[in-house]
Amino acid sequence: MWQTFIYLTWPAKAGQAGQPDPNASYGKGGATVWETFRQFDTVFLPNGQKPLPWNSGTLMRATKKPRVLKNTSKMFRALSTAESTALDETQQAGGGVLIDQNGQTVYYEMSMNQTEFNYITTNTLYEANQQNAYAQNTGIVLPPDSIEIKAAWKVLSTQEANATPPRFHTTLALLPNQPKAVTMGLVGLHIMVVPSATNFNQGFWATFKQVDNAPLAGAAGQGPYSFYNPACSPANCPVNVQTKAPTPTQVQQVFDAPPEAQGVNTYIAQLIASSSTPSAVWQNYQLIDVQWPTSPQSIQGPGKKPPLPNGTPNTNTLMNPVLETFLQQQNLSCLTCHTGASTAKAQGFPGFASGYSFLFGHAKPNQ
């Protein structure tokens, strides 16, 4: 998954959405491969409209035009325009809004690669009725090499944005009720990959963090942290409890990365530091953990209903403290949640399994 992370964060090739530039140095800045993926609300449009072709709806990410961020949720985003470049999620999975130590709300986005986009458009799964009919008659199974991304962004202070060397991967974005674009820093990244349609239907799931996010529970350091104040007592700043802006959320990471992940994190950071771009910001990101099925089970076939099998994952606990701040509990994980993913609401259909992807639930009927 670290190799996948490097591929996804490699500089994107100009004019070819979702493709890495083989002539670019890792960490040189600019739009990355995953940032030219297709945002889900440009695929699942009002009235079940057909999306624009792949490049038409993704290449704007390679330009310097600011994104538009409206909501604050990792879960679902309201559709506002036919084709939007908006990053507008503010509520996390399970609810709740995350506020950083500067009193700023964290924003989220969800996107897919071209493999998944082609599967959806070829089978008209962007329209709710067609999607449910397909699920009933054939079954929704994401094809091999499908990738979904969920990213978390924070507003950077002037000091953070101008730090030398930089510590965050950044983007410009327009926020609600603010006329000028602000600099956002990437603080978390979920990755779901389907490497095989026969052996790994449950997919591979990984989550990454920026190293300044928050301390590990029981090992609070000096900081500074983006989401934790070491000087604030538990009585005044209860940990992992929802707050309302501008009151910061006091965050701790409840579950540490396993030793295997820690070793790879150290190795990758050293590798990046010794590269042709030694100041690359990606050395400031770490893998928290990976989840995969140890006993993969087929989900092929028509009419499958949630929950789908979890494939007996290697770990039953996996979450990111800036994407699931308020759900950091034993036996909760990506697969625990995504086994219940279902198709969009459509009259006359009971709702079917959607191949572990919640994105399908955004489809609208053609009215």
Side-chain angles (χ1 to χ4, degrees), residues 69 71-75 89-109 150-157 159-160 163 167-169 184-191 205-259 261-262 265 284-291 313 315-338:
L69 310 182
N71 298 331
T72 47
S73 171
K74 169 182 167 287
M75 297 180 67
E89 297 291 342
T90 59
Q91 286 194 2
Q92 297 191 350
V97 175
L98 179 60
I99 312 299
D100 72 8
Q101 288 297 305
N102 296 321
Q104 298 283 350
T105 300
V106 172
Y107 290 80
Y108 300 90
E109 69 172 327
K150 296 176 183 176
W153 300 89
K154 74 179 288 289
V155 179
L156 296 186
S157 67
Q159 181 178 2
E160 290 171 328
R167 297 190 64 79
F168 296 87
H169 175 67
M184 308 290 289
L186 183 69
V187 292
L189 196 71
H190 272 335
I191 302 171
W205 307 76
T207 192
F208 291 78
K209 68 175 184 178
Q210 202 274 346
V211 295
D212 302 322
N213 282 351
L216 187 67
Q222 298 300 311
Y225 298 106
S226 297
F227 303 100
Y228 182 82
N229 179 5
C232 193
S233 68
N236 294 323
C237 297
V239 174
N240 299 336
V241 173
Q242 297 180 32
T243 59
K244 293 184 179 180
T247 302
T249 309
Q250 186 82 330
V251 178
Q252 287 186 351
Q253 181 176 331
V254 176
F255 302 102
D256 198 4
Q262 294 179 32
N265 287 335
N284 300 319
Y285 292 81
Q286 294 181 347
L287 172 68
I288 295 176
D289 205 355
V290 184
Q291 188 176 39
T315 177
N316 290 318
T317 304
L318 177 62
M319 58 207 65
N320 190 308
V322 300
L323 285 115
E324 297 101 1
T325 308
F326 316 111
L327 292 177
Q328 296 185 75
Q329 304 172 32
Q330 287 282 2
N331 298 320
L332 287 180
S333 69
C334 299
L335 269 174
T336 301
C337 183
H338 282 259

key: Q291 (side chain) donor-acceptor with T315 (main chain) under 3.5 angstrom   =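 Looks like yes, one N/O pair under 3.5 Å.
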key: Step-by-step side chain to side chain contact (heavy atoms under 4.5 Å, CB included) determination, L186 to Q210   = CA-CA 7 Å; L186 183 69; Q210 202 274 346; over 6 Å; no
Audit row: F227, T325, side chain to side chain contact (heavy atoms under 4.5 Å, CB included) steps and yes/no = CA-CA 10 Å; F227 303 100; T325 308; over 6 Å; no
With sequence neighbours excluded, residues passing side-chain contact (heavy atoms from CB on, under 4.5 Å) with A217 = Q252
message = Is there a side chain to side chain contact (heavy atoms under 4.5 Å, CB included) between Y108 and L98? Walk through the geometry before answering.
response = CA-CA 10 Å; Y108 300 90; L98 179 60; 4.0 Å; yes
query = Rounded to the nearest 0.5 Å, how far apart are CD1 of I99 and CD of Q104?
reply =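 Going from CD1 on I99 over to CD on Q104, the span is 8.5 Å.
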remark   = Tightest non-hydrogen contact, residues G223 and P230, listed as N-CG, 4.4 Å
request  = With rounding to the nearest 0.5 Å, note down the distance linking OG in S226 to CZ in F168.
outcome  = 4.0 Å
ask   = Considering residues at least two apart in sequence or located in another chain, which fulfil the salt bridge (charged side-chain N to carboxylate O under 4.0 Å, His left out) criterion with K154?
value = D100, E160
inquiry  = Are the side chains of Q330 and F255 in contact, using a 4.5 Å heavy-atom criterion?
reply    =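 Yes, at least one pair of side-chain atoms sits under 4.5 Å.
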request  = Write out all pairs satisfying salt bridge (Lys or Arg N to Asp or Glu O under 4.0 Å) with one or both partners inside residues 212-236, taking only residues at least two apart or from two chains.
outcome  =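 Found R167-D212.
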message = Are the side chains of P321 and Y228 in contact, using a 4.5 Å heavy-atom criterion?
response =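 Y228 does not reach P321 side chain to side chain.
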query = Has the side chain of E324 got a donor or acceptor atom that lies under 3.5 Å from a matching backbone atom of M319?
reply =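 Absent.
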request  = With sequence neighbours left out, write down each residue that passes salt bridge (charged side-chain N to carboxylate O under 4.0 Å, His left out) with D289, or none if nothing qualifies.
outcome  =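 Testing D289 for salt bridge (charged side-chain N to carboxylate O under 4.0 Å, His left out), a comparison that skips the adjacent residues, returns none.
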message = Just verifying a value: how many Å separate Q328 CD and L323 CG, rounded to the nearest 0.5 Å?
response =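 If we round to the nearest 0.5 Å, Q328:CD and L323:CG are 10.5 Å apart.
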query = Given side chains that start at C-beta, do those of V251 and V239 come closer than 4.5 Å, heavy atoms only?
reply =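 Not touching, per the 4.5 Å side-chain cut-off.
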note = Residues passing the side-chain contact (heavy atoms from CB on, under 4.5 Å) test with P238, sequence neighbours excluded, are V241
query = Could you give the distance from CD (Q101) to SG (C237), rounded to the nearest 0.5 Å?
reply =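 Nearest 0.5 Å value for the CD-SG distance: 7.5 Å.
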key: N316: partners by side-chain contact (heavy atoms from CB on, under 4.5 Å), with sequence neighbours left out   = P313, N331
request  = With the side chain counted from C-beta on, respond yes when V106 and V322 share a heavy-atom pair under 4.5 Å apart, and no when they do not.
outcome  =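 No; the side chains remain at least 4.5 Å from each other.
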key: Heavy-atom donor-acceptor pair, Y285 side chain to H169 backbone, under 3.5 Å   = yes
request  = Say whether, by atom type as modelled, one donor and one acceptor occur between the side chain of N213 and the main chain of V187 under 3.5 angstrom.
outcome  =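 Judged by distance alone, yes, a pair lies under 3.5 Å.
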key: Side-chain (Q262) to main-chain (A257) donor-acceptor, under 3.5 angstrom   =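 Judged by distance alone, yes, a pair lies under 3.5 Å.
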request  = Start with the C-alpha distance between N102 and V155, add both sets of side-chain angles, then the distance that settles side chain to side chain contact (heavy atoms under 4.5 Å, CB included), and finish with yes or no.
outcome  = CA-CA 9 Å; N102 296 321; V155 179; over 6 Å; no
task = Look at the side chain of T207 and the backbone N and O of H190, then say whether any donor-acceptor pair between them is shorter than 3.5 Å.
result = no
